[in-house]
Every structure is written in C-alpha cells, then in structure tokens.
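To start, the structure under review is shown below, and the notes come after it.
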Amino acid sequence: MTVVISSSRSPLETMSSVEHPSTPPAVASGHEEDGSTSSMTGVSNGYPQATNTDVDQDFCKHYLKQDTSTLVPTGAIALVEKIKNASNEKAIYDPCAQLLTLYSREFYATLPSGVKKRLRERHGDHPLTFIDHHTSPPTHFPDETLCPVKDAPDILAVYNVKGLKIKEGVYGGVPHHRVEAIVEAKQKGNSGGRAQASAYAYRHHQARPDHPVVFCLIVRTDWYQVIFSSPVGVVASPTSPWSDLKLLAGYVYAHYDPRATISSPGEKPEDLPTWSIKLNGKTYGDGSLIFIGEPWGQRTTVFLTRDKLGETYVIKDTYRHFKRRFLEEDILTHIHAKGDLPGIVRLKAAEQVKTQNRTIQCGSSEAGTLRIKTRLALHDYGERLLKATSLNDLLEAVYDALEVHRTLLRQRRVLHRDMSIYNILMYPQWKDVKGRQVADDAPPMIDDVLKGLRPVQERRAKCLVIDVDHAALLDKAGSANEEELEHRTGTPIYIARSVCVGRVNTQSYAFTGQPMPSLTGEALRLYVEAHGQERYGRYEEPNTTTRHGGLPPNAATYRPDNLPKFTHRAEHDVESIWWALLIATLRVCPKSSKKETFVHSGLARFWKTMHEHMIPHNPHMLSDTRHEYMINGLCEWKFLFTPEMKDFAVLIWQIAFQIAPEYALWTWESHQEDHLHEAVQRLILQYLVDHRDNPIPLDPDNLRPTKDTPPELNEIDVKSGGTRGQSDTLVASTSNLNKNRKNAGSSGRGGGTRGRGSSSKAPVKTSTTRTGSKRRSANANSEPYVAGSKRRTTSQGERSSKRLKNAAGSAVSTRDDNGDSDGDA
C-alpha cells in the first residue's frame, strides 16, 4: 500500500483531525480498557498527544488499501484462541508471532512478480517472519548522543531469520536496521499499549529513515489495534475483536504493498548500517546517520556520504510543510549567487524525493498538514564547538560566526533566526569546488585581522554556519516582512529572551545600556588594517549620552502601553550566539584543569536552569527563566568557570552587559542594525589579542560534568521502543565498519518541528532535532560533527523515553508542546 505517495486516493488525505504529537510517551500506567482513549498518567510530563491519538473509524479504508476480509489462513483460528486464552502476557508472544507469520506467508505467495523480485534481490526468497524478541533490545540504534535505554519490544518482524541469535525459542540482538515491524502485547486489563506502541513508532522513525511511515500493532487477549505514524502525527484504528481479523490481515499486508526499495539485511546481523542515497539521479554511498530529527514534524535526517569519486557530501532530508515561505535551497542559492560567501554552508543539489516516480508526501493540503519530503546535498561540514582544542580557537570561530551573520544581514538581507551551538560549527571542511569562486564582497575574517589581510579568493572562515531553513529573506528596507518576523523561531536554551516570550523585554536591565566598546593598542591597529577606519568610526558614539548610537528610555517614566510590537531583530541572533558561547565554554575543560566528576552547586544550578528552560506555547507576560544570568556579577561568573578561565569570565561578563538591553526600546540617532555584532566582536578581538600567548589548550575528550552529585547516583532506568514504515529511495545496507566510528558532523543539521500558537502573530517555531549515530571520520585527522538536540529540555529522564543529550551532556526531553508550523515560514 502506497501510503506515502501523492495520488487521487492518498490514504493520508483523511488525517485532517490528527493531533501533532512530538514526544515519545512513557509507558502509561493509566487505564486503556477500550483502546479509544488513553490516560495521561505516566506519559512524559503529562503530555498526552502521543497516547491520545485520534481514532479513525474508517482506518481500514483510509490506510489499508487491500481488501483482505475473506482471508483466514488455515490454522489461524486455533492461534487466535491461544491468544484469547493466554494466562499472562508472555503466553501471547508465541501464538501471536505464529499468527502474523502465517498471514505473511499467505500474502508473500500472492505478491506481484515485480514486488517479489525486489524482495528477493534484498533478502532472498524469504517472507516477513514475526519473532519473539521480548528479552533483549534491538541493537545498533543510532545512540551515540542518546541517553542509555534498554528497549525490548515483544515481537519483531524481519526478513530472513538465518544467522539471528535464538535461545529457547526467543530471539535476541536483532539490529534496528533489520526490523520491519514491531508488536506490543498486553494482557487484558493491562494499560500502556497505545503509549508504548507510539514510543516504538517514534524510535523506528529514527532508526529507519527509509521508512516514511510506521504501522504498529497492539495485541491484547480481548482485542487488537493498529497505530499509524507519519511526519503528520499519529492515528489509531478502533479496537477490533478477535472474531474479526480483517484489520489484522490489512496490517500484515501493509508491510508488502508496495515497497519501492527494501532495506538490506547485510551479510551478518552484527554489521553496522550504511546508507545509499539517490539525489537527482546520482547515488551517494557509504552514508552514515549523523543527525536524526524529531520524527513527528519536519523529521530532519542528515547523513555524511561519499560519491563514486570518493568526495564527501552531507545529505539532508526533511519533510517540509507545504506552506513554508522561505526554502532552504533558495536561501542558500541567494546567499552564494554572487560567489561563495566563506563561513556559510553551500548547496550542491536539491530535489523533492520520489518513489516510483511520485513525490513522497504525507498529510492533506486541505487540512493544512501536508508535508513533502525534500532532500539537499551540501558541500561542507565541520565539528561542534565542544571539540575545540583551545579556547582561542573557539573564540575565533564565534568571532567569524558573528562576521558571517552580519554579512548575511547587511549584504544578502538574510536573517538566520536560529543561531545556536548546533548551527555554529568550527574547524570547517570547506572544499574547493570546481567553477566556484569566492564572492568579491566576502569580508575579512578573524585570520585576516590577526595575521594580515588575504586576497578575497583566499579568505576562509574559522566557522561554518549551517541550517538556514528557519531564515527569513528581508526586503531592502528590512521591514516589509514584519509579519513574518513576528513569528517566534529558535532553540530552547539559545533562543533570545524576547523571542522566547514573544514580547519586548521590560526587566529593569533592559532599560540600561553600555557605550560601544573601544579597542586599544594592537587590537585597534589590527582592526583598522583589516576593516579600515571608516568601519570603526561608523559605530562610534555620536555623543557621550548615546549607547550604540541610540538613547535608552527612562525606566521610571516609560509607560508599558507604549511597548513596541515584538519582531525578531538582528540583536536577538547575537544574543543566541552569546548563549551558545556560554554553554560551550562552561562545558570545555582546560588541559591543565583537574578532571571533575561532578560540579559545585552553583554550576549545577546553572545547568538545571538551562535544562528546564522552555519556550511557552503562546506569548505571555512571564519573564524568561534565564534572565538572572544577565545580571550576574563578575565574581559569580568567575565562580562558574575554572581558574584557568578567569580572564575569559571577564569577557563573558562584558558581553552580557552589551546583550542585556532591549534595543527595540531605543530612540536611535545613528542606527546600525549590526551594532551589537560590532560590540561583541570588538570585545572578543581585544581578548584574543591580549591573550595571544595564552590560548588555553582544551581537552575535547574531557568535558566538564553538569551534575552536582557523582554520576553513579544519577543512573536512570528508561525503557522504550521502535517500529516500521514504508521505504523511499533511501536504501540501507551494512558493512563491517569500525565499531568505534566517531561522531560525524555536518553542515546540514536542519530544522525540526515548528509550532504555531493560538495567537496569529507570535506563534512558536521551536526547532526540535536530535543528533545521530556513530560514524567514521571523514579523514584521519578530522572528526566532523553536527551537534545535538533542539527541543524543550527537562532535568531528568522519564521512564520509557529514549532521550537525547544536549550540550550539557544531560538528557533532553522529547517533549515539545508546540506542534509544527502551519506554513508560516
């Protein structure tokens, strides 16, 4: 059944009422007697969407194309009776697996020759077999940056069980990329089936990017039910009594009908997966997952691949909302139209992904849920900031990220709107591409400032800014897209305070301001040689009363009803870069520092605040929970950093003074929209020049912890799952790669879910993505990487929720109240 293909009878066109869950649920402890509703009890932080899936009364008609109502294989009724009479949950496993395999063999024998040929090419002449796997989790989940989880689904379906481990009739160690279906069994009266099946679907979407959709089966002694999961959300069938096997037959047949491409089992079960990916008729092989996004939403998936010539490319897949205003490929084409702009990722190719010559899409345009699978090939990649080998290297990357961002703003009229630790990479792998030249207006980068001005064609940045799928293309005046800029876009922890709450900041410090910093000595000389006296003078204060060329309001006389309307400003992205710098530098550890196993209470409190930071669904009058760190005193900053970084603590403190004000309140005499970039870059440059002889070497393999108790006291036992869906032109294969493959990095981390609040003017667009799996380095001397999760965070892990690790190394909740964009970008 072609559930992911656009056609006159698309089964997904009926999903108009589906909720948009974006969290894998915990195993519910509530009541699910009739299968039509689910208790919120036990779901991650009480968030109900993943278990309160809509029940489609016409599920078979809408999602199971084949009419299988008359098919009842010989022996099926006897197996059904064993399930109904099972005395405990374990007694369900064997007869259920036998029953499903019985149906599978019946369907396999009647498959069209073309479908069966493709299956044989991949798996040999083997029908789908359902096996008991309840004692051990599937292996090879891309979990290099995930919290540990031991997931043991009750029943799995695989092709060709030969070579799989089996003991006393129970299989174990099946790798995720061999799994085609997952079944959850529950005895009558037991709850949690819907929640756990949704969690399995969530997991399987992540482990099998070649499966756009997933069908999950819940089996109880008194009824069974099917769940369907796609980027649009989750929908469930009504429960079906065992006297009616039509739904069960349709569920099994859905795994055969049709499969455009099938995942390869590989030579050995223990082999790690690689991926072969097609784009514009070209095949990119040896692909490894390096970033896996939120399954329910945009579901960004990123691979590091090689073409036939051995060239390395990043492939980025997304399920893009059909009303997205600004397309990433268009933004990148615009940015580099006059030549390559160093420091911003470059596009090689883009297309809408097709299978069997039809575009893969899920949802309904009438319901506003339509998503289209889009694939980008990108030239460049880099490493995360936490891989810095010296503090000065990290600062140089951030300096260049500011230079790139202000160049995009001033010269390309592009506002990024999602700057974070995930979208600023360092040690970039910027390849020379035949026929491409550096743009004539490429600005001097930090190396040009510190080491002497290079010819334009030789300029390279110390950073790589990625992920412009949240960016806005501004008009010449910068204000015609005001409605677009009222939408709140960003990543929790890193999002600017005003963007987070959807209104201008009115904390007392928002009405204060500091003069533009002045460079002195060697730093001033180097700046003027690289940029010229004109640029330096452009940002100088017109008089002694101004701050950055403007006048802050008087807090004592300012009337709240005069507050300007919120819009996303360039200063907000600079603040996000500051948060990224702060987070990175509180995790890195100087080589000369003693290794810490836990941190003092003050730093632990900081991390708790960061982990619990959230973006409210709708704008309101609450303050951002991070505001206290804007008013930290110098002693407090020094307390958070290691002794070796006490001078850097002064820099963070100085930048905070520049970041804290609400510049939307200013009355401007001489306004430069990149004034805050200039201020922060001046401070960083002065520090770099003053500390040239003390770069502070870092140990990237020894990050500082984030807990104030020993790690053995923070063990969390979590349990969760995975399932399957239809394939597209992504083909999984396996090879005996080095099991110690490193984290891979990418220029294409990309979006995640975006959400519109009830307000028409300030909806939340929260990027929710997570990082991917083990990966061999692109070359022997480089460890490419794309960093972690973009979602609301919590300080603890919930049971049954495999969770991501954020920059702090702690679990990140998969919860996101924001849903996804309804086409406002």
Side-chain angles (χ1 to χ4, degrees), residues 399 402-403 405-417 443 472 474-482 485-486 496-499 503-520 523-524 527-528 530-578 630-631 653-686:
Y399 180 99
L402 287 161
E403 190 66 39
H405 187 277
R406 70 192 296 186
T407 302
L408 294 179
L409 177 69
R410 291 182 67 96
Q411 296 172 210
R412 299 295 185 269
R413 303 307 300 153
V414 171
L415 185 60
H416 190 284
R417 298 196 300 173
L474 309 177
D475 66 357
K476 292 181 180 180
S479 60
N481 293 325
E482 184 175 296
L485 297 180
E486 291 172 26
R497 293 153 296 142
S498 295
V499 183
R503 60 176 176 81
V504 296
N505 187 9
T506 55
Q507 293 288 337
S508 59
Y509 58 76
F511 294 86
T512 64
Q514 293 293 315
M516 178 65 62
S518 295
L519 294 172
T520 61
L524 176 59
Y527 178 104
V528 173
H531 296 293
Q533 184 63 46
E534 187 279 330
R535 170 164 152 168
Y536 189 82
R538 188 190 314 158
Y539 300 93
E540 289 298 275
E541 300 293 356
N543 56 65
T544 58
T545 63
T546 61
R547 300 292 183 265
H548 290 218
L551 294 172
N554 186 328
T557 59
Y558 195 87
R559 293 176 57 84
D561 53 359
N562 290 334
L563 289 177
K565 183 167 55 176
F566 162 79
T567 58
H568 198 123
R569 298 167 59 93
E571 295 99 338
H572 296 143
D573 280 7
V574 178
E575 180 182 335
S576 294
I577 294 172
W578 180 79
M630 286 293 168
I631 55 176
W653 176 64
Q654 291 172 331
I655 297 177
F657 275 117
Q658 302 290 334
I659 296 292
E662 178 57 85
Y663 291 103
L665 301 175
W666 261 224
T667 300
W668 294 99
E669 296 187 11
S670 175
H671 181 235
Q672 300 292 335
E673 58 187 343
D674 58 344
H675 67 97
L676 194 54
H677 299 75
E678 178 74 12
V680 177
Q681 283 181 285
R682 287 188 184 188
L683 292 171
I684 292 175
L685 177 59
Q686 189 73 57

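Numbers for residues simply follow the sequence, beginning at 1. Given the structure is predicted, the values throughout are model-derived calculations rather than measurements. Heavy atoms only: backbone and side chains are in, while hydrogens, waters and symmetry mates are out.
Taking each heavy atom of Gly549 and Pro542 in turn, the nearest pair found is CA-CD, 3.8 Å. Annotation for Tyr536 and Leu519: closest pair OH-N, 3.0 Å, computed over non-hydrogen atoms. The shortest heavy-atom contact between Gln658 and Ala679 is OE1-CB, 3.8 Å. In plain terms, the two heavy atoms of His405 and Ala570 that are nearest each other are CE1-O, 4.4 Å. Between Ala660 and Asn505, the shortest heavy-atom contact is O-ND2, 4.3 Å. Between Trp666 and Pro661, the shortest heavy-atom contact is CH2-CB, 3.5 Å.
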Mind running side-chain contact (heavy atoms from CB on, under 4.5 Å) on Glu534 and Arg538 for me, showing each step along the way? CA-CA 6 Å; Glu534 187 279 330; Arg538 188 190 314 158; 2.8 Å; yes

May I have the step-by-step check of side-chain contact (heavy atoms from CB on, under 4.5 Å) for Arg682 and Tyr539, ending in yes or no? CA-CA 11 Å; Arg682 287 188 184 188; Tyr539 300 93; 3.8 Å; yes

With side-chain hydrogen bond (donor to acceptor under 3.5 Å, both in side chains) as the test, would you mind laying out the steps for Arg406 and Gln681 before giving the verdict? CA-CA 11 Å; Arg406 70 192 296 186; Gln681 283 181 285; 2.6 Å; yes

Show the numbers, then the answer: is there a side-chain contact (heavy atoms from CB on, under 4.5 Å) between Arg410 and His677? CA-CA 12 Å; Arg410 291 182 67 96; His677 299 75; over 6 Å; no

Go through it in stages, so that I can follow the logic: the residues are Leu409 and Leu474, the test is side-chain contact (heavy atoms from CB on, under 4.5 Å), and I'd like the CA-CA distance, side-chain angles, deciding distance and then a yes or no. CA-CA 8 Å; Leu409 177 69; Leu474 309 177; 4.0 Å; yes

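For the pair Phe511 and Pro552, the minimum side-chain heavy-atom distance is 4.5 Å or more. Inter-residue side-chain proximity for Leu665 and Pro564 is flagged as met; some heavy-atom pair is nearer than 4.5 Å. Counting only heavy atoms from C-beta outward, the side chains of Thr512 and Phe657 never approach each other to under 4.5 Å. Side chains of Ile659 and Val680 form a contact here, defined as non-hydrogen atoms less than 4.5 Å apart. For the pair Gln654 and Pro517, the minimum side-chain heavy-atom distance is 4.5 Å or more. Counting only heavy atoms from C-beta outward, the side chains of Leu563 and Arg503 never approach each other to under 4.5 Å. Put simply, the side chain of Arg413 does not reach to within 4.5 Å of the side chain of Leu408, judged on heavy atoms. At least one side-chain heavy atom of Thr546 sits under 4.5 Å from a side-chain heavy atom of Leu551.
For Trp668 and His675, the ring centers are positioned less than 6.0 Å apart.
Under a cutoff of 6.0 Å and an axis angle of 45°, Arg547 and Tyr663 do not form a cation-pi pair.
In this structure, Glu662 contributes its side chain and Ala510 its backbone to no donor-acceptor pair below 3.5 Å. With Glu575 contributing its side chain and Arg497 its backbone, the two residues share a donor-acceptor pair below 3.5 Å. A donor-acceptor pair under 3.5 Å links the side-chain atoms of Glu541 to the main chain of Met516, judged by distance alone. Without hydrogens or angle criteria, Glu669 side chain to Gly550 main chain gives no donor-acceptor distance under 3.5 Å. Judged by distance alone, with hydrogens and angles left aside, the side-chain atoms of Arg569 form no donor-acceptor pair with the main-chain N or O of Glu673 at under 3.5 Å.
Checked by atom type, the side-chain pair Tyr527/Arg535 shows a donor-acceptor distance below 3.5 Å. No side-chain N or O of His548 forms a donor-acceptor pair with one of Glu678 less than 3.5 Å apart.
Test Arg417, His416, His568 against Asp573 for side chain to side chain donor-acceptor pair (under 3.5 Å) and you get one pass: His568.
The CG atom of Leu676 lies 10.0 Å from the NE2 atom of His572; values are rounded to the nearest 0.5 Å.
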